[in-house]
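What follows is a set of notes on a single structure, which appears directly below.
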Number of protein chains: 2
Amino acid sequence: MSNANNRTSKVEERCLKQGIKMTGQRRIIAKVLSISNDHPDVEQLLQRASKIDPKISIATIYRTMRLFEEHHIVERHEFGDGRARYEETSSAHHDHIIDLKSGKVIEFQNDEIEKLQKEIAEDRGYNLVDHKLELYVTPKENQDS
Amino acid sequence: MSNANNRTSKVEERCLKQGIKMTGQRRIIAKVLSISNDHPDVEQLLQRASKIDPKISIATIYRTMRLFEEHHIVERHEFGDGRARYEETSSAHHDHIIDLKSGKVIEFQNDEIEKLQKEIAEDRGYNLVDHKLELYVTPKENQDS
DNA sequence: TTAACTGCAAACATTTTGCAACCGT
DNA sequence: ACGGTTGCAAAATGTTTGCAGTTAA
């Protein structure tokens, strides 16, 4: 069982498909993104990447995230806490519910709202390029889901 | 026509109603907000306030905007350009369309979407406390509205 | 009078950048 | 080999804060 865990991650595959030059650091960041199913900020990405290569620099994280964002491999979010948070772009578009109590982020998807957004933009003579929908919530009382 | 323009602004009235101690600087900022019908950032607020009192400081703008925000007299937005932008809280809730070409911000209101948002939160066991909906658009071609 | 407010400059947090060394193709 | 990439530290950006002096009620 020599060098286990060396196969290309999902994010790395997407990079290759787009002709992004893969370096050791980018491979690590790609893998970190692939195995994350939350919405890490740059500090968290650095911490996770550092476990694989302790020499990796925060500047590289920033530069790589910008690169990945430009190639639509990740999406950047700002959930109102000042720093950017990232997630791998998924095929199915979704928006976010932010639990203000716990900070937890939940994804959801609603075609009806998507359709209405497009209509609103087009009614006013615009093409809808992108949108941001975030629901800030608190847990209902007498309920422990 | 001595000291014209000295009656209390709309924002100042709201401050008084909430028992906010009014100082010269806060009165100026209140007036600036009252006569603005765009979404100024702190730098713009400082410039506009400076025309009335050139000695006003950017720290006071920041502190006052935080105060006003806590009292729900203004709303803070982050339209993805890195700095916070403010507008006087209006009685009718609305969301924003951001024209990526011109940077112009257009307000809109849609009850259907509001209702759907509330349902989505409640279906998952949450109370909807706040939300953010922004449509990023570009102008349609052959059309010059 | 006195607790709150202001201006200034320094501190902060996040992100970007210049540059020399390094690496992938 | 060489152009792109990295690490480091410095700079840039937006915002907050400590403190001494000022002001509103």
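Protein chains get the first letters and strands the later ones, always in sequence-line order, with residue 1 at the start of each.
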What about B:Arg63: does its side chain form a donor-acceptor pair under 3.5 Å with the base of C:dG7?
yes
Heavy-atom nearest nucleotide on DNA chain D taken for B:Gln25 and for B:Arg66; more 5' hit belongs to B:Arg66
Output yes when at least one side-chain N/O atom of A:Tyr62 is less than 4.0 Å from OP1 or OP2 of C:dT16, else no.
no
A:Glu43 CD - C:dT15 P separation (whole Å):
10 Å
Side-chain donor/acceptor of A:Gln18 to backbone N/O of A:His71, under 3.5 Å
yes
Need two values: the first and the last nucleotide of DNA chain D, 5' to 3', having an atom under 4.0 Å from any heavy-atom of chain A.
D:dG3 to D:dC8
From A:Ile28, A:Ile29, A:Leu33, A:Thr64, residue fulfilling side chain to side chain contact (heavy atoms under 4.5 Å, CB included) relative to A:Leu45:
A:Leu33
Which whole-number value in Å describes the distance from B:Ile29 CD1 to C:dT6 P?
7 Å
Would you check if the side chain of B:Arg83 reaches a backbone N or O of B:Val42 as a donor-acceptor pair within less than 3.5 Å?
no
Any non-hydrogen side-chain atom of B:Asp95 less than 4.5 Å from a side-chain atom of B:Asn110?
no
Length of the CE-P vector between A:Met22 and C:dG24, whole Å:
12 Å
Exactly one candidate in A:Phe79, A:Phe108, A:Tyr136 meets ring-ring contact (aromatic ring centres under 6.0 Å, His included) with A:His96; the answer is A:Phe79
Relative to the 5' end of DNA chain C, which residue comes earlier, A:Arg27 or B:Asp53, by the nucleotide with the nearest heavy atom?
B:Asp53
Distance check needed: C:dG24 C1' versus A:Ile20 CD1, whole Å only.
15 Å
Could you check whether B:Lys10 pairs with B:Glu88 (Lys NZ or Arg NE/NH1/NH2 to Asp/Glu carboxylate O, under 4.0 Å)?
yes
Between A:Lys140 and B:Glu122 (side chain of the first, backbone of the second, donor and acceptor by atom type, cut-off under 3.5 Å), is there such a pair?
yes
Quick one: label B:Ile58 by what it contacts on the DNA or RNA (base, sugar-phosphate, nothing), any heavy atom closer than 4.0 Å.
nothing
Check the distance between C:dC5's P and B:Lys21's NZ and give it to me in whole angstrom.
5 Å
A:Glu12 CD to C:dG24 P, straight-line distance once rounded to whole Å
13 Å
